[in-house]
Amino acid sequence: MPRTNLEVAAALHELADLLEINGGDRFRTLAYRRAGDAVRGLGRDVATMTEAELTAVHGIGRATAGKVQELLVSGSIGLLEQLRAKYPAGVLEMTRVSGLGPKKALALHDALGVGSLEELEEALKAGRLRDLKGFGARTEENLLRALANHSREERRILLGEALGVAEEMLDGLRTIPGVERASYAGSLRRMRDTIGDLDLLAATSCPGEVVEAFGGLPNVGRVSAKGPTKASVLTRGGLQVDLRVVAPEEFGSALQYFTGSKAHNVKVREHAVRMGCKLSEYGLFRGPLWEQRIAAATEEEVYGALGMQTPPAPMREDRGEVELALRGALPSLVTVRDLRGDLQSHSVYSDGRRTVREMALAAAAKGYEYFAITDHGRNLSVVRNLSLEDIERQRAEVRALNEELAGRIVVLHGLEANIGMEGDLDYPDEVLAGFDVVVASLHHQLRGEREAMTRRVLRAIEHPAVHILGHPTGRMLPRRPASDLDMEAVCRAALAHGVALEINANPRRLDLKDDHAFLARQMGCLFAISTDAHSPRELDLMRFGVGTAQRGWVEAKDVVNTWPLEKLRRFLAKSPLER
DNA sequence: GCCGTTTTCGGCCCGACTGTTTTCAGTCG
Ligand SMILES: Nc1nc2c(ncn2[C@H]2C[C@H](O)[C@@H](COP(=O)(O)OP(=O)(O)OP(=O)(O)O)O2)c(=O)[nH]1
Ligand SMILES: [Mg+2]
Ligand SMILES: [Mg+2]
Ligand SMILES: [Zn+2]
């Protein structure tokens with residue numbers, strides 16, 4: 001992952017936050033925040049972009065491009081340093097405490113000299129906030145609790161875990177009398193890799209009762225806000241859950257609103273305004289007093305009335321999907337149903353939990369046409385791996401299995417090769433050539449310099465036996481960061497050598513991640529969406545990989561494991577330059 | 001500060017809940 005993008009985005013966000021605290025034109029702060037978002041979502045490395053290329057990015061203009069250059073050249077931004085000198089870092093940290101925003105943080109800093117979370121706690125305990133204008137006993141109480149929960153509430157959880165909790169909460173919600181429909185929305189529905197909170201939507205004609213009953217569900221710890229249309233609660237595990245309740249006939253517009261993203265919503269609502277309409281969670285309205293409701297029941301109806309196609313939820317990040325939907329030009333994204341097989345999995349020959357046969361049967365039960373077993377090569381010494389004899393034995397086993405399962409599924413004999421320090425692989429070329437499919441992946445020494453890491457990966461991509469680059473950046477959520485790679489160079493090489501980039505579907509990896517998949521798709525790369533299953537159950541992780549691919553706008557035609565076996569075999573058999 | 005199917009100037013999404021407030025600002029979704 002190009003670390004510089006994250007650093008530049010962080011600087012722009014900090015600039016926006018500090019400008020907001022400082023006061024002044026709020027649209028200027030909005031502009032810096034949007035620019036920061038744009039940089040974060042950029043697959044390309046900002047450090048390699050010219051000022052003209054930067055300015056061409058939506059949301060980045062001359063001023064911001066200049067500041068980015070300033071940061072990259074001198075290591076800092078003058079305006080940001082001025083603001084940092086004016087407000088200690090703790091003031092920014094304070095605005096992240098729930099219930100504290102820029103205005104109150106500024107008041108605390110100016111009136112009481114509070115400049116850190118510790119000082120805030122002291123001031124609270126000494127009762128010094130009480131006689132401050134705009135602060136009272138309740139605020140004091142809420143802030144003390146928010147401070148205590150601060151570190152826990154800041155965390156984002158992984159997509160896979162979030163989905164589990166959401167389904168449990170939805171089950172509870174659906175048992176509440178009067179709930180006609182319920183769905184999850186927010187970043188979970190958009191399939192982001194990490195989830196800040198759960199957003200649940202319910203349709204009912206008795207909202208008050210539903211909100212009340214929701215607060216009493218067994219998994220709910222504390223209710224932090226509650227009104228006639230919504231509630232915010234914390235689960236016993238400390239996860240925030242936002243419930244929104246609407247009338248059944250508003251379910252579509254409410255789902256559109258609550259699914260987001262915020263940037264997507266703003267863009268769609270601006271379009272509604274240009275049409276002389278108003279869009280909110282209650283519907284699309286027209287007329288001098290907005291008394292005419294044009295659409296609300298379904299998302300399709302709402303988008304349709306706006307003259308748009310309905311973008312799949314994972315696309316709704318304001319990366320250009322609104323413009324395409326208006327022109328009726330949305331790409332048709334890959335779906336789970338398009339997939340004909342899984343091209344990375346493990347058996348007891350390496351660190352998998354089941355035999356090749358058990359894995360193959362499970363894959364067949366999923367309705368797949370083909371399935372690759374890809375155990376680890378011998379250079380990955382930390383786990384059981386394939387000796388030369390193992391390879392022969394496993395090949396025979398696969399051959400027998402293909403006779404036994406003929407007509408049900410075709411098993412491909414694959415390998416997950418380990419990319420060494422010099423980009424070298426586990427076996428001599430003739431051994432590698434004996435596999436039906438070779439996935440090459442980084443597994444160790446992931447913290448090298450960008451140039452060295454990129455060189456290793458490029459060498460592997462250039463190897464004639466390699467078909468797929470597995471979990472390209474090696475990240476492991478939530479802690480192990482991505483290797484520092486020049487992703488543009490990786491994509492270029494993959495394209496040139498006909499190597500597919502894996503989108504690893506395991507929720508701890510999701511690698512390529514969404515932004516990189518978006519870049520790779522733009523560059524015309526091929527993909528393989530693979531579960532990397534170590535047990536039959538893990539074959540079900542595919543949906544997370546597909547969601548990530550959709551976030552990168554990946555189409556089925558560019559995903560090799562949507563291809564019929566015949567076409568896939570041609571891809572696997574061809575020499576790299578023909579692929 | 002950014003941007004353009006109406007714009008190179010003049011807009012920039014829209015609504016809910018809380019607390020402290022005599023009418024709304026701040027924060028959040
Ligand atoms: N129109 C509009 N909608 C918003 C705004 N803020 C949030 N929303 C909508 C879109 C969001 O996806 C949805 C849920 O809000 P969240 O704060 O939970 O964000 P989201 O779930 O996208 O990300 P998260 O992973 O929770 O941080 O509510 C806003 O300022 N305006
Ligand atoms: Mg959310
Ligand atoms: Mg939320
Ligand atoms: Zn691996």
Side-chain angles (χ1 to χ4, degrees), chain A residues 12 15-16 19-21 23-38 54-68 79 94-108 129-143 146 153 185-187 196-201 207 211 223-233 240-246 250 253-254 256-285 290 306-307 318 322-323 326-327:
Chain A
L12 293 173
L15 187 54
L19 279 170
E20 193 173 13
I21 291 172
D25 185 359
R26 63 198 180 90
F27 295 110
R28 193 166 155 237
T29 75
L30 183 66
Y32 280 118
R33 193 159 291 135
R34 285 177 172 173
D37 292 344
L54 275 174
T55 312
V57 175
H58 193 89
I60 301 181
R62 290 205 58 83
T64 305
K67 292 208 165 37
V68 170
L79 177 59
M94 278 157 54
T95 65
R96 295 196 187 99
V97 174
S98 113
L100 263 192
K103 292 289 193 293
K104 283 186 172 168
L106 179 67
L108 291 171
L129 270 69
R130 251 169 273 173
D131 29 45
L132 213 58
K133 207 176 112 209
F135 293 80
R138 297 299 303 274
T139 306
E140 186 180 276
E141 198 181 306
N142 290 339
L143 281 180
E153 286 182 15
S187 51
D197 69 2
L198 295 183
D199 302 287
L200 305 182
L201 177 66
V211 167
V223 178
S224 45
K226 188 172 66 169
T229 70
K230 67 191 231 184
S232 272
V233 306
Q240 178 171 321
V241 182
D242 292 329
L243 173 71
R244 195 64 209 259
V245 176
V246 296
E250 296 160 341
S253 48
Q256 193 284 325
Y257 150 72
F258 217 23
T259 296
S261 65
K262 174 182 170 181
H264 173 88
N265 286 355
V266 169
K267 180 67 67 73
V268 173
R269 287 172 180 208
E270 280 171 348
H271 172 69
V273 169
R274 275 195 296 277
M275 285 177 60
C277 297
K278 180 184 74 161
L279 177 63
S280 75
E281 56 267 49
Y282 299 110
L284 181 64
F285 298 88
W290 308 126
L306 288 165
D318 190 27
V322 175
E323 291 79 357
L326 276 166
R327 292 185 353 232

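Here is how names work: the chains are called A, B, and so on, in the same order as the sequence lines, proteins then strands, and each is numbered from 1.
- Checked against side chain to side chain contact (heavy atoms under 4.5 Å, CB included), A/R33 has the following partners two or more places apart in sequence or in another chain: A/H13, A/A16, A/D17, A/E20.
- Legend: residues meeting side chain to side chain contact (heavy atoms under 4.5 Å, CB included) with A/A225, ordered by chain and number and at least two apart, are A/S232.
- Partners of A/T259 according to the side chain to side chain contact (heavy atoms under 4.5 Å, CB included) rule, which considers only residues two or more places apart in sequence or in another chain, are A/A185, A/R189, A/R190, A/L255, A/E299, A/A313, A/R316.
- Taking 4.0 Å as the cutoff to heavy atoms of chain A, we find the contact window on DNA chain B bounded by B/dG1 to B/dG29.
- Nearer the 5' end of DNA chain B, as judged by each residue's closest nucleotide, is the contact made by A/F135, out of A/D197 and A/F135.
- Shown here, B/dT8 forms no base pair; nothing in the strands shown gives a Watson-Crick or G-U wobble contact with both key distances under 3.5 Å.
- Taking A/E141 as the reference, nothing meets the salt bridge (Lys or Arg N to Asp or Glu O under 4.0 Å) condition, with sequence neighbours excluded.
- Each of A/T55 and A/T95 was assigned the nucleotide of DNA chain B with the nearest heavy atom; the assignment lying further toward the 5' end belongs to A/T55.
- Annotation: A/R26, atom CZ; neighbour count of heavy atoms from other residues, nucleotides and ligands within 6.0 Å does not exceed 12.
- The side chain to side chain contact (heavy atoms under 4.5 Å, CB included) search around A/E250 returns A/V246, A/A247, A/S253, A/Y282, A/R293, not counting sequence neighbours.
- Residue contacts shown for A/V268 are absent, as no nucleic acid heavy atom lies under 4.0 Å away.
- Residue A/F27 is in base contact, counting any heavy-atom pair closer than 4.0 Å across all strands shown.
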